[in-house]
Amino acid sequence: MKLICESLYASGYRLARACLSLMAAMVTQGPEAARDVCSHFDLNKKTLYTLVTKRDSKGVHDVRQAYVQFALSFLIAGDDSTIVQVLEVKEFIPCIFSSGLKEDRISTVNILLSTLKTKVVHNKNITKTQKVRFFTGQLLTHIASLYSWNGITDVNPEDVKVSAEEAGKAMVRELVHNFLTDLCCSLKHGINFYDASLGTFGRGGNLTLLHFLLGLKTAADDDLVADLVVNILKVCPDLLKKYFQEVTFSFIPRVKSTWLNNIKLLNKIYEAQPEISRAFQTREFIPLPRLLAMVMVTTVPVVCNKSMFTQALNLDSTSVRHTALSLISVILKRALKTIDHCLNKEAWQESGMYTAVMMEEFVQLFREALSKILPDLNTVVWVWQSLKKQETKQGDEKGKKRSAGPPAACEARQCDPGTERSACSLGVQHAVGCNVVPQPVQLLKDKEPVICLYQKVVPHVVMQYNFDFSKLLKGIISEQGLQEEVPPILQHHMLKVALELPANKFLWLKAQVGSKAPCLLP
């Protein structure tokens, strides 16, 4: 072993490669041989780690590959005690990932990830604590760099329709995504711990995953990375508040595609959360104020507040307003599910912790908390009125252009109605490179459900708001009935608003007593 060590650190890389290959062969003789080599060879030497950086630009078998084979041989041939001993050596295996992993060949990446998954992640005899010590936030970040892999394709791609380079990138991205999903999203053999308090106790749980999440800078632009973030936060909802508080993504409303992408990621994260909070599934009694804090974790993102929504709705941007309204709608619909669950008396008859009366009290606290976060109804109505004026103005201009005949260039630029509706419904058209901006009528169509949801979720806010909602019907409903030129979906939503809101909020009924106006309200 002394002679091998002297040769290993000699000036010639060829000799170093031969020594590493020899030691790898020695280790693979069996568990006892692996244990002997581990005890007679110093794996803590920093000079050993420098060998992993010696690679051949042409992709031939080099010192780095020999080092990888030597390191993995302990995991393949060693018993559990040897594997744990090797994992506890601080830099022995991690240095492979921190020294240009995304430039390695596909075969090297594949054997690294598959060996770690089989021998470490899925190994029942290695505790979760030992896994957390090994898979640090920094190591996970190095592994995640494979999402942007640009190494050598040394395997035959299955998809012959694309180039070998593109097929190789897709293959590596799938490999790393499956590995990280298995490692970070499995309560059974992953490195995540379940926090029943959903992070409301303030304890530092899942900090490794939090540091890793904060390092995923491409989550808003890369769908595969976004999927990983969504799945981690789905399993670890206790990280939701800390993640949004510390992540570098800006959620301050801006007329930029970056902001739209960030909100799109936020929507994905909350869509994956259970509609009914897991806080109701606990087997112990939780005081209502703390229960409220737990429910709010998966109902409203911590970055969403009255100021943020008001700022977004006040911006002179159709896309930003549409995105803000969509987000408000998502939050209100999620809150409504919770309210319906709490007010279902049958669900609490057999509960030994909460009564129907207590749940009614909780709903009151829940509604009050939501009303402090949602934008004032005054802002919502103001946006409605400004958009109606804009729609009327655009309708007049289109009528003039139609009579004059549109230029050929304009006709060529017009989008297919179905495409426009699809893009606008997402509210992220700028983010995906589409120049189509949601038309005011599209926002008006999305507006009515929000007003209806206000009535269902926070009815006290609507009752306190002194506004004649019959003004919203102007231009849509007249004494002759529904206007034919108004889109049917818009008419439907307006009638829905008229049915949902209290009758005393429509003062036009009093003004038209004795007239032949149509009866729209019960």
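As a basis for the values below, the full set of heavy atoms in this structure was taken, side chains included, without hydrogen atoms, waters or symmetry mates. Fair warning: this is a prediction, and the values are worked out from it, not measured in the lab. Residue numbers count from 1 along this sequence.
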Main-chain N/O of [Y] paired to [X] side chain as donor or acceptor, under 3.5 Å:
{"X": "N262", "Y": "F249", "value": "no"}
{"X": "R367", "Y": "V461", "value": "no"}
{"X": "R321", "Y": "L315", "value": "yes"}
{"X": "S114", "Y": "N110", "value": "yes"}
{"X": "T200", "Y": "S197", "value": "yes"}
{"X": "S148", "Y": "S145", "value": "yes"}
{"X": "N231", "Y": "D227", "value": "yes"}
{"X": "R334", "Y": "P274", "value": "yes"}
{"X": "K131", "Y": "V121", "value": "yes"}
{"X": "Y454", "Y": "L374", "value": "no"}

Non-hydrogen side-chain atoms of [X] and [Y] separated by less than 4.5 Å:
{"X": "L327", "Y": "C304", "result": "yes"}
{"X": "C184", "Y": "L209", "result": "yes"}
{"X": "H122", "Y": "D182", "result": "yes"}
{"X": "W348", "Y": "H341", "result": "yes"}
{"X": "F134", "Y": "I126", "result": "no"}
{"X": "L343", "Y": "E360", "result": "yes"}

Ignoring hydrogens, what is the shortest heavy-atom contact between [X] and [Y]? Give both atom names and the distance.
{"X": "F309", "Y": "I373", "result": "CD1-O, 3.8 Å"}
{"X": "K306", "Y": "P375", "result": "CG-CA, 4.1 Å"}
{"X": "M308", "Y": "N305", "result": "N-OD1, 2.8 Å"}

Heavy-atom neighbours of [X] [atom1] exceed 12 at 6.0 Å:
{"X": "K345", "atom1": "NZ", "answer": "no"}
{"X": "E174", "atom1": "CD", "answer": "no"}
{"X": "K268", "atom1": "NZ", "answer": "yes"}
{"X": "Q311", "atom1": "CD", "answer": "yes"}
{"X": "K337", "atom1": "NZ", "answer": "no"}
{"X": "K333", "atom1": "NZ", "answer": "no"}
{"X": "E368", "atom1": "CD", "answer": "yes"}
{"X": "Q245", "atom1": "CD", "answer": "yes"}

> Can a donor-acceptor pair be found between the side chains of D222 and Y147 at a distance below 3.5 Å?
Replying inline: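 There is no such pair between these side chains.
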> Is it the case that N123 and H189 place a side-chain donor and acceptor less than 3.5 Å from each other?
Replying inline: no
> So F193 and D238, side-chain contact (heavy atoms from CB on, under 4.5 Å) or not? Walk me through it.
Replying inline: CA-CA 10 Å; F193 297 87; D238 55 294; over 6 Å; no
>> Within this structure, what is the CZ-OG1 distance for the pair F212 and T141, rounded to the nearest 0.5 Å?
In response: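 One finds 6.0 Å between CZ of F212 and OG1 of T141.
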> Where do L240 and Q273 land on the side-chain contact (heavy atoms from CB on, under 4.5 Å) test, with the steps shown first?
Replying inline: CA-CA 10 Å; L240 280 168; Q273 297 297 320; 3.9 Å; yes
> Strictly under 6.0 Å, is that where the ring centroids of F244 and F251 end up?
Replying inline: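 Between F251 and F244, which both carry aromatic rings, the centre distance is below 6.0 Å.
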>> Can you list everything that forms a ring-ring contact (aromatic ring centres under 6.0 Å, His included) with H211? Sequence neighbours excluded, please.
In response: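 Once residues adjacent in sequence are excluded, H211 has no partner under the ring-ring contact (aromatic ring centres under 6.0 Å, His included) criterion.
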